[in-house]
Structures are given as C-alpha cells and as structure tokens.
Amino acid sequence: MDQLTIYEKIGPNYMLLELSGAINAYTLGDFQEKVYRYIIDSNVVLDMSKVISVDSSGVGIILAGYNDGQENGNKLFIMNPSEAARHALERTGFLEVFDVIHAITEVSDVS
C-alpha cells in the first residue's frame, strides 16, 4: 500500500508541509485535514520534491486548498514539485493556477 509522510514546519507567515510518498485516495486523510486546517489561518507551502505520484483525488485536495486559501486571504504554494507531481498537475491543466516556488524565502514576499 502507498504511504505519505508529512512533516510540518511553522514559518513566520506560512505552514510548510514536507510531503514524501504518494498522494492518492489511500493517503488523503491526514493530508486533506492538514491542508484544510492550516489554509484558513496561514499561507501553506507544499514541498512536493519527494512526491512519487499524485492521482486525481490528490490534485482535487490541492485545488480545494488553493480555493479555500483564496477565500480566506491566504495562498497555497507548490515548492519544488517532483517530476511526477509536476506531470500530474500539468496533465489536469492546473499547474498554471498554482504559485510554484523554488525556495521557502519566496513566501516572505507575501503579506
């Protein structure tokens, strides 16, 4: 069975979620809960450099988190997406929607 490990790091104006593994229907529970909880009060950065796959349900959670952030005046960032993560977002046509960053320091420019 696929696994997803999530490490949380608090920044001055963001919550960083370092993701490692697969984001799919089997691993969504904890990921969904954290994204939805944090995006209400803060910017959220998803470090996707160690993501090995993302299915359509995973993309749906990321998009819903992005939309929730918009409604609450916060942003959801995708940081260093792996080739698999980038491909999944491109395939759905949503890659251009997200703020893709390469370093956590890029979030400090956001108020």
Side-chain angles (χ1 to χ4, degrees):
M1 182 184 272
D2 294 327
Q3 292 187 2
L4 177 65
T5 305
I6 305 171
Y7 294 104
E8 302 172 38
K9 294 183 180 177
I10 299 171
N13 65 336
Y14 61 86
M15 173 58 78
L16 171 63
L17 300 177
E18 294 180 346
L19 309 171
S20 180
I23 303 173
N24 59 38
Y26 299 107
T27 63
L28 279 183
D30 194 31
F31 175 61
Q32 178 178 358
E33 186 269 327
K34 289 176 191 278
V35 170
Y36 290 178
R37 177 172 19 125
Y38 294 132
I39 198 67
I40 292 170
D41 298 318
S42 177
N43 296 310
V44 171
V45 179
L46 303 177
D47 180 348
M48 300 183 76
S49 60
K50 296 179 183 173
V51 170
I52 59 171
S53 66
V54 183
D55 72 3
S56 60
S57 59
V59 173
I61 296 302
I62 296 167
L63 187 58
Y66 174 85
N67 291 334
D68 287 354
Q70 294 276 315
E71 292 173 9
N72 290 286
N74 296 312
K75 287 190 161 206
L76 184 137
F77 296 89
I78 306 289
M79 186 168 75
N80 294 326
S82 66
E83 190 62 37
R86 181 177 289 280
H87 181 69
L89 296 172
E90 284 175 342
R91 203 175 53 230
T92 58
F94 291 124
L95 184 62
E96 299 81 36
V97 170
F98 301 114
D99 293 298
V100 178
I101 61 174
H102 302 288
I104 198 69
T105 54
E106 294 178 58
V107 179
S108 62
D109 296 334
V110 177
S111 52

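Both backbone and side-chain heavy atoms feed into the values below; hydrogens, waters and symmetry mates do not.
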Exercise for the section: Rounded to the nearest 0.5 Å, what's the gap from CE on Met48 to CD on Glu18? Could you check? Expected result: 13.0 Å

Practice task
May I ask you to test the Lys9-Asp47 pair for a side-chain heavy-atom distance under 4.5 Å?
Solution key: no

Exercise for the section: Might you point out which heavy atoms bring Ser49 and Ser82 nearest each other, and give the distance in Å? Expected result: O-CB, 3.6 Å

Practice task
Output all residues satisfying ring pair (Phe, Tyr, Trp, His ring centres under 6.0 Å) with Phe31, sequence neighbours left out; order by chain, then residue number.
Solution key: none

Exercise for the section: Sequence neighbours left out, what passes side chain to side chain contact (heavy atoms under 4.5 Å, CB included) with Ile104? Give chain and number order. Expected result: Tyr14, Leu16, Val45, Met79, Val107

Handout entry: Thr5 backbone acceptor or donor facing Ser20 side chain under 3.5 Å
Key = no

Handout entry: In one Ile/Leu/Val/Met/Phe/Trp/Tyr side-chain cluster, 4.5 Å: Ile101, Val35
Key = no

Exercise for the section: Could you walk me through whether Tyr38 and Leu17 pass the side-chain contact (heavy atoms from CB on, under 4.5 Å) test, one step at a time? Expected result: CA-CA 10 Å; Tyr38 294 132; Leu17 300 177; 4.1 Å; yes

Practice task
Let me see the working for Asp68 and Ile40 under side-chain contact (heavy atoms from CB on, under 4.5 Å), right down to the final yes or no.
Solution key: CA-CA 7 Å; Asp68 287 354; Ile40 292 170; 5.8 Å; no

Problem - Neighbour count >12 (heavy atoms, 6.0 Å) for atom CD, Glu83 - result: no

Problem - side-chain contact (heavy atoms from CB on, under 4.5 Å) evaluation trace for Leu76 with Leu46 - result: CA-CA 8 Å; Leu76 184 137; Leu46 303 177; 4.0 Å; yes

Name every donor-acceptor pair, under 3.5 Å, that has one atom in a side chain of residues 50-60 and the other anywhere in the protein, sequence neighbours excluded.
unit_1 : atom_1 : unit_2 : atom_2 : d
Asp55  : OD1    : Ser57  : N      : 3.0
Asp55  : OD1    : Ser57  : OG     : 2.6
Asp55  : OD1    : Gly58  : N      : 3.0
Asp55  : OD2    : Ala25  : N      : 3.2
Asp55  : OD2    : Ser57  : OG     : 3.3
Ser57  : OG     : Ala25  : N      : 3.3

Completion exercise
For Asp2 and Thr27 the tightest heavy-atom approach is O-CG2, 3.6 Å

Practice task
For the residue pair Glu33 and Ile6, establish whether any side-chain heavy-atom pair is separated by less than 4.5 Å.
Solution key: no

Exercise for the section: Please confirm whether the backbone N or O of Asn74 pairs with a side-chain atom of Asn72, one donor and one acceptor, at under 3.5 Å? Expected result: no

Handout entry: Transitive ILVMFWY side-chain link Tyr36 to Ile78, under 4.5 Å
Key = yes

Handout entry: Flag, side chain of Ser42 to backbone of Ile39, donor-acceptor distance under 3.5 Å
Key = no

Practice task
For Leu95 and Glu90, work out which heavy atoms get closest and say how close.
Solution key: CD2-CG, 3.3 Å

Exercise for the section: Kindly say whether Phe77 contributes a backbone atom to a donor-acceptor pair with the side chain of Asp99 at under 3.5 angstrom? Expected result: no

